[in-house]
J.: 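Below is a structure I'd like to ask you about.
The structure displayed is predicted, hence computed values, not measured ones. Each ligand, and each atom within it, is numbered from 1 in the order the structure gives.
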Amino acid sequence: MRLQRVLLFLALSVCPLFSLTNCEEQRVPEEKLLIVTIATQDTEGFKRFLVSAKHFNYTVKVLGRREKWRAGDYMSATGGGQKVRLLKEALQEMKNEDTIILFTDSYDVVFSSGPKELLKKFQQAKHKVVFSSESLIWPDRHLEDKHPHVTEGNRFLGSGGFIGYLPSIREMVADWKGEDSDSDQLFFTNIYIDPAKRKSINITVDNKCRMFQNLHGALGEVVLKFEDGRVRARNVLYDTLPVVVHGNGPTKLQINYLGNYIPNIWTFETGCTACNEGLLPLEGLQESEYPLVLIGIFIQKPTPFVTVFFERFLKLQYPKNRLKLFIHNQEAHHESQVSLFLKDHGSLYQDVRVSGPEEEMDTAASRNLAIDVCRKDEGCDYFFTLDIEVVLKNENTLKILIEQNLPFVAPMITRPGRLWSNFWGALSAEGYYARSEDYVDIVQGRRVGVWNVPYVSSVYLLKASLLRSELTDFDLFNSDILDPDMAFCHNIRKQGVFMFVTNMQTFGRIVSIETYQTSHLHNDLWQIFENPVDWQERYIHENYTYIMRDKLIETPCPDVYWFPIFSDVACDHIVEEMEHFGKWSGGDNTDVRIQGGYENVPTIDIHMNQINFEKEWHKFLLEYIAPITEKMYPGYYTKCATPLNFVVRYKPDEQPLLAPHHDASTFTVNIALNSKEVDYQGGGCRFLRYDCSIEATRKGWTLMHPGRLTHYHEGLPTTGGVRYIAVSFVDP
Ligand SMILES: *[C@@H]1O[C@H](CO)[C@@H](O)[C@H](O)[C@H]1NC(C)=O
Ligand SMILES: *[C@@H]1O[C@H](CO)[C@@H](O)[C@H](O)[C@H]1NC(C)=O
Ligand SMILES: *[C@@H]1O[C@H](CO)[C@@H](O)[C@H](O)[C@H]1NC(C)=O
C-alpha cells in the first residue's frame with residue numbers, strides 16, 4: 001500500500017498524467033522538433049554546431065546561406081535583426097502547425113544532449129514559448145523594472161536561443177518591421193516585458209538553465225562533469241544539465257573549450273575527424289606532389305644547443321625540395337652556426353632566405369614578413385613556424401600536422417618535469433594565461449586529442465589559404481599592449497579561426513634559455529643544470545644507459561672498471577674548451593699525487609675550476625659516476641665531495657708519461673678524451689701491483705679504480721701526437 005503510493009507520486013512528479021503508459025503516449029515525437037539557425041558563413045564554429053547536432057540526431061534547417069551578413073560583425077552581439085527577418089520569412093512557409101521550433105545561434109553554440117531530453121524539459125516548462133535566460137540585462141538597462149520578478153534564477157531573456165510551437169513563434173515575429181541591423185534582443189525583450197503579449201503568446205524564460213545555458217556572466221556557475229569518457233556542462237548554481245550551451249558575449253573561448261568535449265567533434269581518444277574535411281593522407285604521394293611548406297626558423301635570444309637544433313632539423317621527414325626556409329637570426333652569437341648549416345645543407349632546400357642581426361629586424365617584423373612571403377607565394381601551401389628553442393624529437397611532426405588537415409594546428413611540446421607547454425588552456429579576462437580545468441591532464445597525456453585552445457606559441461602550422469582569406473592583414477604580430485605571440489593569437493581568435501593543439505603523439509620539448517651564457521667556446525657544456533635532458537643526449541655516451549643491463553662494464557685489471565661515459569662530442573668539446581683557455585700548467589696545481597714519500601708528480605693540466613666548470617663537473621660525477629661506483633663497490637656511498645678535477649695533456653716533447661704514484665683519492669675517474677692511433681700513439685695506464693696495463697684506450701670510456709694503497713700506477717709514455725684525459729680524484 002505504501003509502496004504503491006510512492007510509485008504513484010514518482011510517476012506524477014515526472015509527468016502530470018495518470019500513468020507511465022499514458023505519459024509515454026503524450027510525449028512529443030522527436031520528428032516534430034526542428035532546429036532553425038542562421039549561418040551566412042561556414043565558420044569553424046558553425047561546422048562544430050552541425051557536427052554536434054548531427055551527433056544527437058537533430059534535424060537542422062539553416063537560413064541565410066546565400067545572404068551576406070548585414071547585421072554587424074558576426075563575432076559580436078550587436079545587431080541581429082537580420083536573424084528575425086529570415087526567421088519570419090521561413091516560418092511563413094512552414095506548414096506542419098504542430099512543429100516545435102528551436103531557434104538558436106550556431107557559431108558559438110553546441111548541443112550537449114539530444115531531442116528527447118530537450119522536448120521533455122520543454123513540456124515541463126508548460127509554456128508555448130521558452131527563451132534562454134540571462135543574469136545580465138542588455139542592451140537597455142532601463143527596462144529592468146519592467147521584467148517580471150523571479151524568486152530564483154535569471155530574470156532576463158536571451159535572444160540567442162528559444163523554443164516554442166510554430167504558431168506561437170510565428171505570431172511573436174509577425175510584427176517585425178525592423179532593419180537588419182536593429183537589435184533582435186531588444187525586439188524580443190519588448191515583447192516579453194509587455195504583460196499582454198507575454199500572456200497571449202504565453203512566453204516564459206528558462207530561468208534555471210534546464211534547457212539553455214548562456215555563458216555570458218555565468219562562467220562561475222558552469223563546470224564540466226566527466227563521466228565514462230563523456231562530458232556534460234553542469235550548472236552548479238541551479239543543479240541543472242543544460243542541453244544547448246551558448247558561448248555568447250565575451251565567452252566565445254569557453255565555448256571553444258567546451259566544444260573540445262562534444263562527442264565526435266574533436267573528442268579525446270579519437271582526434272579531430274569531423275571538424276574539417278577529414279584527414280589528408282600524404283602516404284603514397286610522389287615527393288614532387290608534397291605540399292610546399294615555408295618554414296620560418298626564428299632565433300631571438302642566445303639559445304643553447306643550436307647546433308643540435310640544425311642537426312635534428314636536417315632529419316625532419318619531408319622532401320627537402322618541397323621546403324623553403326626563412327631563417328631570422330637576431331643574435332650575432334649564433335651566426336656561425338646558421339652559416340655552417342646553410343653552407344653544408346642549404347642547397348638541399350627549394351629556397352633559403354636569411355635575415356641576420358645586421359638587419360635589426362625585431363620579432364614582430366620578422367614574423368610578419370615570413371608569413372607574408374608565404375602569403376604572396378602562390379605555390380606556398382603551408383607556413384610552419386619553428387622557434388630555435390623547440391626540440392622536435394618526432395621526425396614526422398610536419399607530416400602529422402599536415403595530415404590533420406586543419407587550418408591552424410600545433411604539436412604540443414612541453415618542458416621536462418614542468419607543467420609548461422606551448423599552449424594555454426584558457427585565457428584570463430585581461431587576455432593573459434589562465435589554467436583550464438583539463439590543462440594538467442592534457443599536458444601530462446591523461447587526456448589525448450586535438451584541442452581547440454586560445455593560445456599557442458613556438459611551433460605551429462598554418463594553411464596558406466588562411467593567410468589569403470581570414471588572415472590577410474600583414475601585421476598580425478604587433479599590438480600596443482600585447483607581446484607579439486599574444487597579439488598574433490588575439491588576431492587569429494578575432495577572425496574566428498580555431499587554433500588546435502594535438503597531443504595524440506609525442507612531439508618534443510623546449511629548451512630553457514634562462515641561464516645560457518655565451519662566454520665560453522662550447523657554452524652548451526654548462527647546461528647540465530638548466531637543460532639536463534638535452535645535456536645528456538648531447539654529451540653522455542649513447543650506450544651509457546645500457547651498461548648495467550647489457551653488462552658493458554669491463555674489468556681489465558683487478559678492481560679496475562672500464563665503461564663508456566662521454567659522447568665523442570663531449571670529448572671534443574672539453575678538449576677544445578681547454579685548448580681555447582690555453583693556460584696549461586705543470587706544478588702549481590698538481591701537488592696531489594703521492595709518490596713514495598710525498599713527492600710531487602706534476603702533470604701538464606688545466607683544472608675544471610679554472611674554466612668555471614667545477615659545479616657542472618660535480619653534478620656530472622653525482623649523476624653519472626656515483627651510481628656506477630655504488631654498484632661496483634657495494635657499501636661505499638659517495639657524494640663526490642670536494643673532488644679534484646682536471647684535464648691532463650700528454651705530449652712526447654712536453655710531458656709524455658707519469659711516474660708510478662698513488663692518487664690522493666678514495667677512487668679515481670680517468671676518461672680518455674681522444675682516440676689512440678688517430679690522435680696519438682702509445683699512452684695507457686699500468687697498475688704495478690698486478691702488473692696489468694690498459695693500453696688500448698677508448699675515446700669516451702672511463703677507468704674507475706681505487707686511489708690509494710692497492711692501485712699504485714703509472715701513466716705509460718705517449719710516443720706521438722697529443723693525448724688528453726679528464727681526471728677526477730673523488731673523496732680525497
Ligand atoms: C542517431 O540515429 C542513429 C540512426 O538512427 C542511431 O544509431 C544513433 O544511436 C542515434 N544517436 C543518438 C545519440 O541518439
Ligand atoms: C501558458 O499556457 C499554459 C497552458 O499551455 C497555461 O497553463 C499557463 O497558465 C499559461 N501561462 C500564461 C502565463 O499564460
Ligand atoms: C653502442 O652499442 C652498439 C651495440 O653494441 C654499438 O653498435 C655501437 O657502436 C655503440 N655505440 C658507440 C658510440 O660506441
J.: One pair to check against ring-ring contact (aromatic ring centres under 6.0 Å, His included): Phe566 and Phe620. What are the steps and the verdict?
T.: CA-CA 11 Å; Phe566 273 150; Phe620 155 72; 4.8 Å; yes
J.: I'd like to check atom 7 (O) of ligand 3 in this structure: does the protein have a heavy atom lying under 4.0 Å from it?
T.: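 Protein heavy atom within 4.0 Å of atom 7 (O) of ligand 3: absent.
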J.: Are any of the side-chain nitrogens in Glu331 or Lys301 under 4.0 Å away from the carboxylate oxygens of its partner?
T.: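 No, this pair does not count.
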J.: Quick one: do Arg686 and Glu714 make a salt bridge, cutoff under 4.0 Å?
T.: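 Salt bridge between Arg686 and Glu714, a charged N being under 4.0 Å from a carboxylate O: yes.
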J.: Specify whether the nearest protein heavy atom to atom 4 (C) of ligand 3 is under 4.0 angstrom away.
T.: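 Given the 4.0 Å cut-off, atom 4 (C) of ligand 3 does not count as touching protein heavy atoms.
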J.: Write out the residue and atom name of the closest protein heavy atom to atom 1 (C) of ligand 3, then the distance separating them to 0.1 Å.
T.: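 That would be Asn543 ND2, 1.5 Å.
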J.: Protein heavy-atom contact under 4.0 Å for atom 11 (N) of ligand 3?
T.: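 Under 4.0 Å from atom 11 (N) of ligand 3, at least one protein heavy atom found.
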J.: May I ask you to decide whether Lys699 forms a salt bridge with Asp572, counting only side-chain N to carboxylate O separations under 4.0 Å?
T.: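 Asp572 and Lys699: salt-bridged.
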J.: Which atoms of ligand 3 have any heavy atom of Glu542 under 4.0 Å away?
T.: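 By the 4.0 Å cutoff, the relevant atoms are 10 (C), 11 (N), 12 (C), 13 (C).
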J.: Does the cation-pi check pass for Arg698 over Trp701, that is, NZ or CZ under 6.0 Å from the six-membered ring centre and within 45° of its axis?
T.: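 Checked: cation-pi criterion met.
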